[in-house]
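Reading through the structure tokens given below for one structure.
For reference, positions follow the sequence shown, starting with 1.
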Amino acid sequence: MTQNVRDGRGHRAYRRKQAALRRCTRAEQLPCWLCGEQIDTTLPATHRMSFTADHYVALNNGGHLLRNDLRPAHRSCNSRRGDQADAEIWEAS
């Protein structure tokens, strides 16, 4: 079901919002909201420490593709968090 949400209506608007967050993260040197470490926005998308836009409420938990606030995160931190309702803050290894 989540895949349909990501590829359906609003997909392009989500990508624009994600790109704007990436630019803001680069310009203001925003840290990962989960671990607090800096994010290198020049890393390729497949790198574990690359930039991702994390939804405040996970799509699997009823979050909306566009209405939720996005926060900058490392790919590995975002993956570790998964669709948990409350995120735990952990130290980067």
Side-chain angles (χ1 to χ4, degrees):
M1 177 180 166
T2 303
Q3 190 64 31
N4 295 338
V5 171
R6 288 188 178 119
D7 292 339
R9 291 183 64 190
H11 178 71
R12 287 187 179 141
Y14 166 73
R15 290 292 178 203
R16 285 191 300 270
K17 194 172 180 180
Q18 181 185 38
L21 180 61
R22 180 189 300 268
R23 287 190 303 270
C24 183
T25 300
R26 183 180 312 132
E28 298 178 21
Q29 297 181 358
L30 298 176
C32 171
W33 80 273
L34 291 165
C35 72
E37 298 293 322
Q38 291 297 315
I39 301 173
D40 184 355
T41 57
T42 62
L43 292 172
T46 55
H47 193 278
R48 61 184 287 285
M49 297 304 281
S50 67
F51 167 86
T52 59
D54 184 34
H55 286 89
Y56 180 72
V57 178
L59 298 178
N60 285 341
N61 293 337
H64 189 270
L65 188 65
L66 292 174
R67 282 181 261 173
N68 289 334
D69 290 329
L70 297 176
R71 295 180 272 182
H74 292 114
R75 177 167 299 284
S76 61
C77 296
N78 195 358
S79 178
R80 248 186 288 173
R81 177 177 178 243
D83 60 2
Q84 296 173 1
D86 294 323
E88 295 181 21
I89 306 298
W90 56 82
E91 291 191 25
S93 52

Legend entry - Side chain to side chain, Pro72 and Asp54, heavy atoms closer than 4.5 Å: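 The answer is no; the side chains never approach within 4.5 Å.
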Inset, instruction - For the pair Arg75 (side chain) and Ala45 (backbone), establish whether a donor and an acceptor sit closer than 3.5 Å, ignoring hydrogens and angles. - result: yes
Legend entry - Heavy-atom closest contact (Asn78 atom, Ala53 atom, distance):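 Result for this residue pair: ND2-O, 4.0 Å.
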Legend entry - Heavy-atom pair of closest approach, residues Cys24 and Leu30: SG-CD1, 3.9 Å
Inset, instruction - Test Cys35 against every option in Arg80, His74, Met49 by the side-chain contact (heavy atoms from CB on, under 4.5 Å) rule and name the one that passes. - result: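 Considering Arg80, His74, Met49, a side-chain contact (heavy atoms from CB on, under 4.5 Å) with Cys35 is found only for His74.
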Inset, instruction - Could you go through the side chain to side chain contact (heavy atoms under 4.5 Å, CB included) check for Phe51 and Leu43 one step at a time? - result: CA-CA 8 Å; Phe51 167 86; Leu43 292 172; over 6 Å; no
What residues, two or more places apart in sequence or in another chain, satisfy side chain to side chain donor-acceptor pair (under 3.5 Å) together with [X]?
| X | result |
| --- | --- |
| Thr25 | none |
| Thr46 | none |
| Arg16 | none |

Legend entry - Pairwise distance OG1(Thr42) to NE2(His47) - rounded to 0.5 angstrom: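 Output value for this atom pair is 9.5 Å.
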Inset, instruction - Measure the spacing between OG of Ser50 and CZ of Arg22 and express it to the nearest 0.5 Å. - result: 7.5 Å
Inset, instruction - Could you please spell out the steps behind the side chain to side chain contact (heavy atoms under 4.5 Å, CB included) verdict for Leu70 and Tyr14? - result: CA-CA 10 Å; Leu70 297 176; Tyr14 166 73; 3.9 Å; yes
Inset, instruction - Applying side chain to side chain contact (heavy atoms under 4.5 Å, CB included), name anything that partners Gln38, two or more places apart in sequence or on another chain. - result: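 Scan of Gln38 (side chain to side chain contact (heavy atoms under 4.5 Å, CB included), adjacent residues dropped) gives Gln29, Pro31.
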